[in-house]
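Since the structure comes first, as structure tokens, the remarks are kept for the end.
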Number of protein chains: 2
Amino acid sequence: MELNNYISVDCVIFGFDGERLKVLLVDRTLSEGSTSFTDLTLTGNHVYENEPLDAAADRVLFELTGLTNIYLEQFKTFAHPDRLTKENDIKWLQHDGRDPFQRIVSVGYFALLATDQVTLEWKGRNVQWVPVDEVGELAFDHNLILESALLSLRNKIIHEPIGFELLPQKFTLSQVQKVYEIILDTEFDKRNFRKKVARMKYLIPLDEKQKGVAHKPAQLYMFSRDVYGNTKKDLLNFIV
Amino acid sequence: MELNNYISVDCVIFGFDGERLKVLLVDRTLSEGSTSFTDLTLTGNHVYENEPLDAAADRVLFELTGLTNIYLEQFKTFAHPDRLTKENDIKWLQHDGRDPFQRIVSVGYFALLATDQVTLEWKGRNVQWVPVDEVGELAFDHNLILESALLSLRNKIIHEPIGFELLPQKFTLSQVQKVYEIILDTEFDKRNFRKKVARMKYLIPLDEKQKGVAHKPAQLYMFSRDVYGNTKKDLLNFIV
DNA sequence: ATAACTTAGTGTTGTTTTTACACTTTAATC
DNA sequence: GATTAAAGTGTAAAAACAACACTAAGTTAT
């Protein structure tokens with residue numbers, strides 16, 4: 001199977017660690033003759049001839065993390081003629097045997113997961129979680145893509161219950177509140193927030209509590225995609 | 001300037017005529033030897049080498065309608081390997097001198113305007129407004145693209161005041177209500193709806209009334225993009 | 001000129017949702 | 001057994017929502 005040389009997908013992999021929203025970035029190091037630099041990129045790849053875009057995004061995510069069945073959504077496409085014209089990017093493409101003047105369409109996807117779902121040593125690639133508000137200058141046009149992904153995420157999380165994708169399967173209400181506070185950069189009143197989520201039938205309380213915490217252990221919940229599918233009415237006006 | 005042969009944009013041009021939501025479609029007629037068919041397509045075109053996607057979408061819209069400064073938004077990208085493999089589509093591409101096995105990425109945009117902004121005879125192309133709920137089988141994968149555009153439109157119009165883009169500059173509150181009812185396929189109580197829009201500071205009442213209508217003439221309003229920009233808080237929880 | 005027609009425009013009441021706000025509980029740790 | 005840390009809980013006032021019916025102001029038909 002052959003790679004298409006002008007269509008690629010880039011995945012913005014968001015992770016939440018209980019405290020901050022992070023993005024999974026990959027080292028890009030080039031050292032060749034007098035040229036030498038290191039920086040970070042999102043993960044992406046060309047699609048195969050005959051591969052649908054969604055499949056390519058799944059594959060890219062899998063190749064980096066070993067995970068399948070992760071929330072993944074196409075959010076925007078980037079194809080500006082000058083998107084790959086920074087000096088280091090051209091060197092990198094040349095080193096990689098690619099034509100730096102070939103215009104490349106990159107279809108942006110974002111993925112949501114809990115940071116601890118990823119084993120960073122997977123396939124020995126040099127990969128790291130970086131808090132989204134501490135991301136420096138990235139390779140290619142990846143700062144632009146990241147900003148755009150964040151915007152889409154914020155927009156979407158208000159109206160659909162995707163925040164749970166950033167949490168472990170079993171989670172506490174405080175964790176849910178934290179996810180929404182971090183992503184929307186706001187604070188909610190604890191009691192009011194809990195009253196609101198109490199109305200969501202698809203948040204299922206489990207017969208289980210937190211363990212090993214140095215305070216009153218919290219009730220654990222899980223998110224039921226099934227129940228949600230049947231009660232899509234409160235999709236509108238979700239949080240906020 | 002040369003056209004890129006694998007990147008295209010397709011524009012879903014929505015129009016409202018006071019009664020229904022329509023989409024602007026273009027005749028595709030091929031008659032050559034024993035092959036002969038007529039159907040309809042969205043409007044689209046390849047982008048020029050060196051042309052950004054947004055510019056290409058503006059251009060495609062302009063070439064069909066002669067209009068500039070129209071609300072236009074990228075909503076999804078289509079690149080399925082089988083998207084152009086229907087028999088008629090292959091014949092059409094061949095007739096057009098294009099390689100039907102070339103994989104083409106199509107970036108979808110939707111435009112919003114009032115149907116009477118468009119002069120259908122523009123450039124003599126065979127163009128027609130079709131109510132979205134009466135659209136038959138379109139060329140290529142354009143039914144898919146249209147459905148996807150409708151979904152994006154419905155999603156967006158709930159949360160951001162873009163309904164006004166489908167109305168003339170000066171409009172009545174009943175027209176606003178109708179737009180939202182048609183697009184969201186629902187009905188609102190007139191008094192409650194008006195109470196809600198009365199809270200929107202960016203709806204500016206004019207010193208002007210409807211003329212020549214066979215009933216009490218309605219107050220005219222306009223939408224102020226400026227005021228809206230300054231009061232984005234009620235972006236959330238807009239209509240519904 | 002008047003009647004008929006058509007859509008514009010308006011207020012109240014009961015119900016639900018939102019907001020603001022502080023103390024007790026339960027576990028682990030020292 | 002005291003300390004620490006987060007979990008969990010209720011109420012009252014304000015705002016928003018939902019349901020509902022008549023009058024006003026033009027045009028058209030007679």
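So that the names make sense, note that chain A is the first sequence line, chain B the second, and so on, each numbered from 1.
Counting only distance, with no hydrogens or angles, the side chain of A/Gln177 and the backbone of A/Phe188 share a donor-acceptor pair below 3.5 Å. A donor-acceptor pair under 3.5 Å is absent between the side-chain atoms of A/Asp116 and the main chain of A/Asp17, judged by distance alone.
Separating the CZ atom of B/Arg199 from the P atom of D/dA14 is a distance of 18 Å, rounded to the nearest angstrom. Rounded to a whole Å, the NZ atom of A/Lys216 is 13 Å from the P atom of C/dT24. If you take NZ of B/Lys190 and P of D/dT23, they are 14 Å apart, rounded to a whole angstrom. In this structure, the NZ atom of B/Lys196 is 20 Å from the P atom of C/dG11, given to the nearest Å. For the pair A/Asp189 CG and C/dT17 P, the interatomic distance rounds to 17 Å; values are reported in whole Å. Per the geometry, CZ belonging to A/Arg194 stands 20 Å off P belonging to C/dT17, to the nearest Å. If you take CZ of B/Phe188 and P of D/dC17, they are 11 Å apart, rounded to a whole angstrom. Atom pair A/Phe193:CZ and D/dG8:C1' shows a separation of 15 Å (rounding to whole Å applied).
Regarding contacts with the backbone of C/dT7, every side-chain N or O of B/Ser174 stays at 4.0 angstrom or more from both OP1 and OP2.
Here the side chains of B/Val118 and B/Trp129 are in contact, with some heavy-atom distance below 4.5 Å. Residues A/Val107 and A/Val47 are not in side-chain contact: their nearest non-hydrogen atoms beyond the backbone lie 4.5 Å or more apart. Between A/Phe193 and A/Leu173 there is no side-chain heavy-atom pair separated by less than 4.5 Å. When side chains are defined from C-beta on, A/Val12 counts as touching A/Phe75, because their heavy atoms get closer than 4.5 Å.
If you check D/dG8, C/dA8, D/dG26 against the side chain of B/Thr172, the one that comes closest is C/dA8.
The bend of the helix from C/dA1-D/dT30 to C/dC30-D/dG1, defined by the angle between the axes of its first five and last five pairs, stands at 10° to the nearest 10°.
Under a 4.0 Å N-O distance rule, the pair B/Asp141/B/Lys76 does not qualify as a salt bridge. Residues A/Arg20 and A/Asp133 are paired through a salt bridge, judged by an N-O separation under 4.0 Å between the basic side chain and the carboxylate.
B/Asn192 contributes a side-chain N or O that forms a donor-acceptor pair with the base of D/dA18 under 3.5 Å. Counting distance only, with no hydrogens placed and no angle test, the side-chain atoms of B/Arg191 and the base atoms of D/dA21 include a donor-acceptor pair under 3.5 Å. Counting distance only, with no hydrogens placed and no angle test, the side-chain atoms of A/Lys195 and the base atoms of C/dT16 include no donor-acceptor pair under 3.5 Å.
Of the residues in residues 204-215 of chain A, those lying under 4.0 Å from DNA chain D by heavy-atom distance are A/Ala214, A/His215.
Classification of the A/Phe164-A/Phe223 ring pair by plane angle, with boundaries at 30° and 60°, yields parallel.
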